[in-house]
Amino acid sequence: MKPRARIVLSRRWPKRIEAILEQDYEVWPNTGDHPMSAAAIRQALRRADGFCPTVTDQLDSNVLRVPSPRTRILANFGVGFEHIDLDAARRSGIVVTNTPDVLTDCTADLAMALILATARGVVGGDRMLRAGDWSGWRPTHIPGVRVSGKSLGLVGFGRIGRALAKRAGAGFGMRVRVFDPQPPADEVARELGVEVCAGLDDLLETSDFVSLHCPVTPKTEGMIGEPQFKRMRPGAILINTARGALVDEHALAGALRSGRLAAAGLDVYAREPEVPSELTEIGRVVLLPHLGSATRETREAMGMRVKENLDRFFAGEEPPDRVA
Ligand code: DGY
């Protein structure tokens, strides 16, 4: 019988999916479930046929420069892959895959949750009540802003941006405006009921809520900074469920302190798990610990999507979600 391929999982996965994986592979899980050190990753690359990283693993050119790695595939548990140096992987002859599609709905749901939470004092109200500071109903208590009918600007209009457009447009009657360097075809924009902006500035100037849905690349890193906050409508709200490095966090804190922005809803940070204290100090920011895909259903689907990529690869076929 052919020996089973040896797979390292860089973090614990949902139990049910680890058990399914164990039926076909020799699985080496990271039992401590802490982020792996560069040395531990390099050792895994030397000893395992496949390595399954997550966003918490840095697979840069230095880590990937392992002499004659045994690993032939990096099957990422996640859709974003900016933590993997694709060129370095190619140079080492290692295939890279990700998990698109399966987390689209849950991430869009969380972006909608942040829109509602920031606009309606959901978190501040809960905190106040638990602290025993609620003296009863009154007309002036925690005045939020209405979400229905407001304009929502989507920066990036891929799968998750489109899923949010559907929710915000059909569910909340929001006017959805989008900016993407690769704009949607007219019929797609019409079908989803969105207006395509001429540029980022146009979107920032016309949106009550701005939500980010693009990957981090050298071009997009820090794309929302002080000049962009100055262009946003006074009292606008920023939502980020994409990647923290898209935003200059110091400039964001300044825009919130000055009152230029009414609030922000963040699920991602530039240097996770660090969250700048200048953001935690501001009550009008809703801060979540990178929960976009964190539902039981989606995390299991992500694991199964990784397995599909591994199965196809080790069967000598092209894995469906190959990115390098
Ligand atoms: C993703 O899939 O990219 C999520 O952000 C978790 O890594």
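Numbering of ligands and ligand atoms starts at 1, following listing order. Count residues from 1 along the sequence.
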Nitrogen or oxygen atoms of G80 and ligand 1 under 3.5 Å apart: yes
4.5 Å side-chain heavy-atom contact, R167 and D109: yes
Ligand 1 atoms in contact with V55 (distance to a heavy atom under 4.0 Å): 7 (O)
Y269 side chain reached by N240 side chain, heavy atoms, under 4.5 Å: no
side-chain contact (heavy atoms from CB on, under 4.5 Å) partner of N98, chosen from V323, L74, N309: V323
Protein contact to atom 2 (O) of ligand 1 [nearest heavy atom, distance to 0.1 Å]: V79 N, 2.7 Å
Any donor-acceptor pair under 3.5 Å from D49 side chain to R6 backbone: yes
Side chain, backbone, both or neither: the part of T54 lying under 4.0 Å from ligand 1 by heavy atom: neither
Closest protein heavy atom (residue, atom, distance) for atom 6 (C) of ligand 1: H290 NE2, 3.7 Å
Which of the ligand 1 atoms, numbered from 1, are nearer than 4.0 Å to a heavy atom of L103: 2 (O)
Trace of the side-chain contact (heavy atoms from CB on, under 4.5 Å) decision for F77 with S10: CA-CA 9 Å; F77 187 106; S10 78; over 6 Å; no
